[in-house]
*Asks:* 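My structure is below; once you've seen it, I'll send some questions.
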Number of protein chains: 2
Amino acid sequence: MAESPVTKRKREEKEGEDGAADSHEAPSFPLREVSVRRVLRESAREKAIFLHGQVKNASGDGTDAVVILEKMPFQEENVAELLQKYTKLQLQMSNDIYSTYHLLLPPELNEIKTTVVYPATEKHLQKYLRQEVYLIHETGEDYKNITLPFIQSQSFSIQWVYNILEKKAEADRIIYENPDPANGFVLVPDFKWNQKQLDDLYLIAICHCRGIKSLRDLTAEHLPLLRNILKEGTEAIVKRFGMAGPQLRIYLHYQPSYYHLHVHFTALSYDAPGCSVERAHLLSDVIENLELNPKYYQQRTLTFALRADEPLLKKFQEADRV
Amino acid sequence: MAESPVTKRKREEKEGEDGAADSHEAPSFPLREVSVRRVLRESAREKAIFLHGQVKNASGDGTDAVVILEKMPFQEENVAELLQKYTKLQLQMSNDIYSTYHLLLPPELNEIKTTVVYPATEKHLQKYLRQEVYLIHETGEDYKNITLPFIQSQSFSIQWVYNILEKKAEADRIIYENPDPANGFVLVPDFKWNQKQLDDLYLIAICHCRGIKSLRDLTAEHLPLLRNILKEGTEAIVKRFGMAGPQLRIYLHYQPSYYHLHVHFTALSYDAPGCSVERAHLLSDVIENLELNPKYYQQRTLTFALRADEPLLKKFQEADRV
């Protein structure tokens, strides 16, 4: 069997000489050998940066990597420690009762989350590259003529979703389940949430029923499922995490990032990515819309943003619909 | 003249013994002497935390302080240095081409911005205290019985809006005007936008017609006004700033921050404050809703968030509607 790039990479790491790694640590990506080609994107607000890097191999060729650096949120439980254990406090500005400082902390109290995609293809680089975005007003006809054929042509894999539903993966992460095949769902924490603080609480309800691709497929027949998700999902989060129901933002994405119906639960006080008006649809609104008009989501214009590199944008451009 | 607490604090610092400060540095706030009373607020997304601290003085009494810690954005120019000079890289998770690590950096490459308000009054503490937020589902009846009487009882002043419309203020800031008294409007840059870069473009269209308090007052008779704002507002921004029309997010707030109808124009790529699904309503959706049902905004449930300290929340609580 041919050795996959991943197995190869892992072995190379084991043989590597990453001086930073302790001997008892798992082998690490040779970060020091990465040369930065360009900044793909950065977010000053979120203190994150996305890099296109290259690792030179023995023959001198470079292999592309995406390296994402992101500062970590403060943790309530160790903040007193931070104030005790800083190594330096440098005054920057002082005015009346207000002053600002540069504070230096011991490295272990100030970790950086690092995510590596390696080896990375051009597609990975494009995914993280900052792109112009354009608003699409998709009519029901546009969906049938442009979006649906596009989705069907892509055959995105959602095996990982089925793995969760069948308990083949992440079974220990399930917070709540209604096992009904038609109107049931599984509630799991989103990967973006580390479950350490409630401030950025983020869970996903994934419906058991297969074949509901998105909001566009919803009709009045899905009302029992949607009401279950709203009621039982909220109750499970209230019970497990002690939030009050009205402190939750419960919504669907359109377009979703994968075409198997799922609902987002985030802390209302958390300015979660993807909760802006051009992508999020409150579940309570969706239910009310379907109660008033069973065909609402087949008929209405739905508005969403597409990045310049997304193939679906090209389809809308070709149809002269942007 | 009595010595102010600030002068006094400064002298105490000079005499103090904050071991972290270099001898040639300006005197620093005695951060190590701060005991953390509570976390006022934190933002996991922005990597910031707001603390209520106390500094004990010689007599053993505590003086309140607000201490704000915020991680700094990455800087494009020194990111290559980060990848070279890390002190430790610890593998967290590895799956196929994806892996995540904890990266530890030398303290001077990973500063924390620290802001201190000291001495702090109860008002300062309240200012930074996290308020719980609650989602309100306001029916048409709720609006008539709770929200409208509340708005009328408040008599918010919107003289500053009239000043703009009458050219008594900000006349030089007007980007575009349609002077029609019924269906016209004035387009001005929002104060949050400095007009120096398009990334955070933010303009406001304010209608000339008085008495339209919010979305709730809109009916089919306002369609000409709304269509003018959508069409002419977009054209004016395209012409002046060179954005493409589909790169704009055009929406109303509900609840608005002042009760004279206005429409927000922001760069779609800008994650503008107040564009989340529980506050923003796309103008294109508003127009379509009114075309389908002239009484849509008098009848529909509208969802919005209220902070615990907002008087309107109390009204909804008294009516048992939260």
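Chain identifiers are assigned alphabetically (A, B, ...) following the order of the sequence lines, protein sequences preceding nucleic acid strands; residue numbering begins at 1 within each chain. Small disclaimer: the values here were computed from a predicted structure and weren't measured.
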*Asks:* If you tally heavy-atom pairs under 4.5 Å against chain B, which of Leu109(A), Val34(A), Leu282(A) wins?
*Replies:* Leu282(A)
*Asks:* Name the option with the most non-hydrogen atom pairs under 4.5 Å to chain A; the candidates are Val277(B), Thr100(B), Ile49(B).
*Replies:* Val277(B)
*Asks:* Not counting sequence neighbours, which residues clear salt bridge (charged side-chain N to carboxylate O under 4.0 Å, His left out) with Asp200(A)? List them please.
*Replies:* none
*Asks:* Could you give the distance from CD (Glu278(A)) to OG (Ser276(B)), rounded to the nearest 0.5 Å?
*Replies:* 10.5 Å
*Asks:* With a 4.5 angstrom heavy-atom cut-off, is it the side chain or the backbone of Glu70(B) that approaches chain A, or both, or neither?
*Replies:* both
*Asks:* Less than 4.5 Å to any heavy atom of chain B: does that hold for the side chain of His281(A), its backbone, both, or neither?
*Replies:* backbone
*Asks:* Please look at Leu292(B) and chain A and tell me whether the side chain, the backbone, both or neither of the residue comes under 4.5 angstrom of a heavy atom of that chain.
*Replies:* side chain
*Asks:* Side chain, backbone, both or neither: which part of Leu248(B) has a non-hydrogen atom closer than 4.5 Å to chain A?
*Replies:* backbone
*Asks:* Taking Glu108(A), His102(A), Lys192(A) one by one, which has the highest count of heavy-atom pairs under 4.5 Å against chain B?
*Replies:* His102(A)
*Asks:* Mark yes or no for whether Lys47(A), through its side chain, and Lys47(B), through its backbone, hold a donor-acceptor pair below 3.5 Å.
*Replies:* no
*Asks:* Nearest heavy-atom pair of Ala305(B) and Leu268(A): which atoms, and what distance?
*Replies:* CB-CD2, 3.9 Å
*Asks:* I need the contact set between residues 74-81 of chain B and chain A: heavy-atom distance under 4.5 Å, sorted by residue number.
*Replies:* Phe74(B), Glu76(B), Val79(B), Ala80(B)
*Asks:* Check each atom of Arg307(A) against the heavy atoms of chain B and say whether the ones under 4.5 Å are side chain, backbone, both or neither.
*Replies:* neither
*Asks:* Could you look at Ala267(A) and say if it's the side chain, the backbone, both or neither that has a heavy atom under 4.5 Å from chain B?
*Replies:* neither
*Asks:* Chain B heavy atoms under 4.5 Å from Glu111(A): which part of the residue, side chain, backbone, both or neither?
*Replies:* both
*Asks:* Checking heavy atoms, do the side chain of Lys85(A), its backbone, both or neither come under 4.5 Å from chain B?
*Replies:* backbone
*Asks:* Among Gln131(A), Arg279(A), Gln84(A), Met93(A), which has the most heavy-atom pairs under 4.5 Å with chain B?
*Replies:* Gln84(A)
*Asks:* Please classify the contact of Asp271(A) with chain B as side chain, backbone, both or neither, using a heavy-atom distance under 4.5 Å.
*Replies:* both
*Asks:* From Thr115(B) OG1 over to Leu103(A) CG, what is the distance, rounded to the nearest 0.5 angstrom?
*Replies:* 11.0 Å
*Asks:* Does any heavy atom of chain B fall under 4.5 Å from the side chain of Ile136(A), the backbone, both, or neither of them?
*Replies:* neither
*Asks:* For Asn110(A) and Pro107(B), indicate whether the former's side chain and the latter's backbone hold a donor-acceptor pair under 3.5 Å.
*Replies:* no
*Asks:* Would you give the length of the straight line joining atom CG of Leu89(A) to atom OG1 of Thr114(B), rounded to the nearest 0.5 angstrom?
*Replies:* 6.5 Å
*Asks:* Taking side chain as everything from C-beta outward and backbone as N, CA, C, O, which of these in Leu51(B) sits under 4.5 Å from a heavy atom of chain A? Side chain, backbone, both or neither.
*Replies:* side chain
*Asks:* Would the distance check show the side chain of Lys113(A) and the main-chain N or O of Tyr101(B) forming a donor-acceptor pair, the cut-off being under 3.5 Å?
*Replies:* no
*Asks:* Heavy-atom pairs under 4.5 Å with chain A - which of Gly53(B), Pro246(B), Pro106(B) has more of them than the others?
*Replies:* Pro246(B)
*Asks:* Before you tell me yes or no, could you show the steps for Thr301(B) and Glu288(A) under side-chain contact (heavy atoms from CB on, under 4.5 Å), namely the whole-Å CA-CA distance, both residues' side-chain angles and the distance that decides it to 0.1 Å?
*Replies:* CA-CA 8 Å; Thr301(B) 297; Glu288(A) 191 169 343; 3.2 Å; yes
*Asks:* Contact part of Ala120(A) toward chain B, heavy-atom cut-off under 4.5 Å: side chain, backbone, both or neither?
*Replies:* neither
*Asks:* With a 4.5 angstrom heavy-atom cut-off, which part of Val36(B) approaches chain A: side chain, backbone, both or neither?
*Replies:* side chain
*Asks:* Distance from Leu104(B) atom CG to Leu105(A) atom CG, nearest 0.5 Å?
*Replies:* 12.0 Å
*Asks:* Within this structure, what is the CG-CG distance for the pair Leu83(A) and Leu31(B), rounded to the nearest 0.5 Å?
*Replies:* 4.5 Å
*Asks:* For Ser284(B), is it the side chain, the backbone, both, or neither that has a heavy atom closer than 4.5 Å to a heavy atom of chain A?
*Replies:* side chain
*Asks:* Mind ranking Val322(A), Asp285(A), Leu82(A) by heavy-atom pairs under 4.5 Å with chain B and telling me who comes out on top?
*Replies:* Asp285(A)
*Asks:* Any chance you could measure Thr121(B), atom OG1, to Ile97(A), atom CD1, to the nearest 0.5 Å?
*Replies:* 6.5 Å
*Asks:* Considering only heavy atoms and a distance below 4.5 Å, find which of Gln92(A), Gln197(A), His124(A) pairs most often with chain B.
*Replies:* His124(A)
*Asks:* Which bit of Asn289(B) is near chain A, if near means a heavy-atom gap under 4.5 Å: side chain, backbone, both or neither?
*Replies:* both
*Asks:* For the candidates Ile112(B), Val133(B), Leu135(B), which exhibits the highest count of non-hydrogen atom pairs separated by less than 4.5 Å from chain A?
*Replies:* Ile112(B)
*Asks:* Is it the case that the side chain of Glu46(A) and the backbone of Arg45(B) share a donor-acceptor pair, with hydrogens and angles ignored and the cut-off at 3.5 Å?
*Replies:* no
*Asks:* Check each atom of Val39(A) against the heavy atoms of chain B and say whether the ones under 4.5 Å are side chain, backbone, both or neither.
*Replies:* side chain
*Asks:* When you measure from the side chain of Arg32(B) to the backbone N and O of Tyr86(A), does any donor-acceptor pair fall under 3.5 Å?
*Replies:* yes
*Asks:* Who wins among Ala48(B), Gly245(B), Ala272(B) for the most heavy-atom pairs under 4.5 Å with chain A?
*Replies:* Ala48(B)
*Asks:* Pick one of side chain, backbone, both or neither for Met72(B), based on which atoms fall under 4.5 Å of a heavy atom in chain A.
*Replies:* both
